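Structure first, then comments.
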Amino acid sequence: MKGSCVCGGIQYELNDKFLIANHCHCSICRKVHGAAFSTSGHAQEDGFHWMQGEALLTGYRSSESSIRNFCRVCGSKMPSVFPEMNDVPIPLATLNDDPEIQPKVHLYVKSKVPWFEIADALPQYPAMVDLRELV
Ligand SMILES: [Zn+2]
Ligand SMILES: [Zn+2]
């Protein structure tokens with residue numbers, strides 16, 4: 001499956017299935033995505049490739065172990081690659097294709113905005129959990 005930023009300068013491809021997908025309500029995700037929460041699918045590094053525009057990527061280091069990639073032209077949030085964890089979180093809304101996975105959990109619900117109500121029956125966690133244990 002393929003995805004891109006909104007200007008189309010950056011294109012990526014995932015030749016693999018997602019392991020898990022989640023919603024995250026943490027304040028960093030909310031601000032970086034400009035939305036009530038973010039929704040990401042997690043894939044392994046092997047199946048992920050930048051097809052075009054990798055030079056347009058820029059990143060904001062939100063913590064020692066985390067970088068938030070985005071397109072320097074259009075500002076779209078883009079996947080980040082964490083080789084040491086073999087984890088590629090991909091913002092599902094930047095895919096052009098069906099991710100063929102549904103989000104399984106809500107994370108960082110303690111940071112949820114007051115103007116959005118979670119209306120599904122997915123498990124809610126106050127902060128982070130080890131997603132590998134939920135796969
Ligand atoms: Zn772009
Ligand atoms: Zn988050």
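Source: prediction; values computed, not measured. Counting starts at 1 for both ligands and their atoms, following the listed order.
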Would you please classify the geometry between the F37 ring and the H23 ring as parallel, tilted or perpendicular, with 30° and 60° separating the classes? perpendicular
Output for pair (S111 OG, R30 CZ), nearest 0.5 Å, gives 6.5 Å
Atom pairs and distances, donor-acceptor, side-chain atoms in residues 112-127, under 3.5 Å, two or more places apart:
{"from": "K112", "atom 1": "NZ", "to": "F116", "atom 2": "O", "distance (Å)": "2.5"}
{"from": "D120", "atom 1": "OD1", "to": "H106", "atom 2": "NE2", "distance (Å)": "3.0"}
{"from": "D120", "atom 1": "OD1", "to": "L122", "atom 2": "N", "distance (Å)": "3.0"}
{"from": "D120", "atom 1": "OD2", "to": "H106", "atom 2": "NE2", "distance (Å)": "3.0"}

If every non-hydrogen atom of S62 is compared with every non-hydrogen atom of I28, which pair is closest and at what distance? CB-CG2, 3.9 Å
Quick check for you: within a radius under 2.8 Å, how many protein N, O or S atoms neighbour the Zn ion (ligand 2)? 3
Here the pair of heavy atoms bringing C74 nearest to C7 is SG-N, 3.5 Å
Please confirm whether the backbone N or O of V135 pairs with a side-chain atom of R132, one donor and one acceptor, at under 3.5 Å? no
The expected count of protein N/O/S atoms at less than 2.8 Å from the Zn ion (ligand 1) is 4
Close side-chain approach of K2 and Q11, heavy atoms under 4.5 Å: no
From I101 atom CD1 to K17 atom NZ, the distance as rounded to the nearest 0.5 Å: 9.5 Å
Side-chain donor-acceptor pairs under 3.5 Å in residues 75-94, sequence neighbours left out?
{"from": "S76", "atom 1": "OG", "to": "V6", "atom 2": "N", "distance (Å)": "2.9"}
{"from": "S80", "atom 1": "OG", "to": "I67", "atom 2": "O", "distance (Å)": "2.7"}
{"from": "S80", "atom 1": "OG", "to": "N69", "atom 2": "N", "distance (Å)": "3.3"}
{"from": "N86", "atom 1": "OD1", "to": "E45", "atom 2": "N", "distance (Å)": "2.8"}
{"from": "D87", "atom 1": "OD1", "to": "H42", "atom 2": "ND1", "distance (Å)": "2.9"}
{"from": "D87", "atom 1": "OD2", "to": "H42", "atom 2": "ND1", "distance (Å)": "3.3"}
{"from": "T94", "atom 1": "OG1", "to": "Y12", "atom 2": "OH", "distance (Å)": "2.6"}
{"from": "T94", "atom 1": "OG1", "to": "P91", "atom 2": "O", "distance (Å)": "2.8"}

